[in-house]
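Because the structure is predicted, anything quoted here is derived from the model rather than measured. Quick note on labels: first sequence line is chain A, next is B, and so on, each numbered from 1.
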Amino acid sequence: MKIGILFSGQGAQFSGMGIDFCQKSEFYRSQIEQLSQFSGHDLIKLFQNKNQELNQTSNVQPAIVAMSLALFRLLQHDVPTIEVAGMIGLSLGEYSALLAAQAFDTEAGMQLLQARADYMQQDADRIPGAMAAVMKADEQEVAAICRQASTPEQFVGIANYNSPKQLVIGGEKTAVDRAVALLQEKGIKRVMTLKVNGAFHTPLFKPTSQKLAQHLQPMSILPWKIPVISNTTGVPFTAADLKNTLAQQVIKPTHFAEGLTYLCHNYQPDLLVELGPGKTLTRFAKQTTAEIPAVSVENWQQYQQFIEQMK
Amino acid sequence: MTKEEILTKVKEIVAEQLDVDQEKVTMNANIKDDLEADSLDVFEIMNELEDDLDIKLEADENVQTIEDVVNYVKKELDAK
């Protein structure tokens with residue numbers, strides 16, 4: 001059986017995530033300890049979220065990637081024969097996927113991720129951004145309304161193409177408010193403002209993109225085997241385009257549905273599994289590639305059931 | 001529609017949206033606490049119910065349990 005792996009994105013975090021794995025598996029715990037060293041965080045403390053640490057972009061990004069990456073390694077450790085057809089992550093989840101595929105040295109990759117998280121936190125603090133989910137609407141129409149609501153100073157546009165029924169728009173808060181009002185006027189009423197503190201995947205993150213490009217420039221890319229599909233291009237990352245694509249990723253829309261369709265069509269997994277907190281991607285998968293079963297593994301019990309199935 | 005019929009419909013939609021077994025979707029299950037839905041999930045569940053039953057629902061109406069959803073749908077259906 002060949003599996004396709006989906007790696008959770010930001011927003012899927014919950015208090016106590018990963019803790020059950022740390023308690024049940026010595027191997028998992030040792031992975032988290034090593035990733036703590038590399039990221040400069042006490043990740044177990046972040047997982048516990050006692051002081052709402054996970055509300056901060058600079059904390060939640062390393063926490064989610066560490067939880068997911070350690071889970072991938074645990075799976076490889078417990079089921080060495082597992083065959084991975086391809087991987088895709090949503091935005092942040094691409095870092096989990098690339099680290100799982102070993103496109104970077106783990107320490108360098110975790111440092112890159114921490115730099116991204118810090119830059120994004122700075123940009124989110126600088127300009128008030130907003131995002132809103134738009135359900136079951138026509139892409140072209142939503143895009144046209146966003147153009148109408150944008151001004152040269154205030155951008156709003158489609159930031160996430162999540163599934164055939166879900167788009168997310170994002171941009172400067174006042175421009176997003178204008179777009180939401182216009183959508184309602186045009187009869188597109190299924191719009192919900194999301195509780196986020198930045199307009200991810202819009203030009204508002206240009207400073208992050210530039211600083212990331214600088215950070216990436218001297219880094220070594222390692223040859224990796226498992227295909228990882230990019231949200232930005234909709235096709236697999238290559239060693240030649242990896243740095244540029246990751247720098248662009250923060251200012252370009254994510255095309256998760258398109259990437260997942262590419263993965264399923266070209267690498268033909270028998271089963272999709274979401275590794276990491278939440279089950280958002282499992283749901284997107286069910287809306288996008290309904291013919292392939294999808295399951296989520298975010299706690300120990302689901303993990304046990306999953307590996308039973310794999311053995 | 002009777003309450004039982006509405007419950008059947010609600011179970012079907014909630015189970016599908018939240019990826020949980022239908023038997024977990026009981027009248028006294030709390031949508032956010034027991035079924036782990038976020039506000040976007042509740043919004044989508046309301047959308048699906050609107051489409052299937054041809055009624056108008058507000059996502060921010062104060063619904064906490066499945067029973068609240070069933071009663072809310074019943075009220076809107078009766079008012080049609």
Could you look at [X] and say if it's the side chain, the backbone, both or neither that has a heavy atom under 4.5 Å from chain B?
X      : answer
A:T282 : side chain
A:R283 : side chain
A:M192 : both

In terms of heavy-atom pairs under 4.5 Å with chain B, which of A:K195, A:K286, A:K189 leads?
->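 Maximum pair count with chain B is reached by A:K286.
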
Most contacts with chain B, counted as non-hydrogen pairs under 4.5 angstrom, among A:Q287, A:Q166, A:R190, A:K165 |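 Heavy-atom pairs under 4.5 Å are most numerous for A:R190.
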
Inspect the surroundings of CD in A:Q304 and state if more than 12 heavy atoms from other residues, nucleotides or ligands are less than 6.0 Å away.
-> yes

Contact listing (chain A partner; [range]; heavy atom under 4.5 Å):
range                     : answer
residues 7-17 of chain B  : B:Q17
residues 22-40 of chain B : B:E36, B:S39, B:L40
residues 43-55 of chain B : B:F43, B:E44, B:N47, B:E48, B:E50, B:D51
residues 64-80 of chain B : none

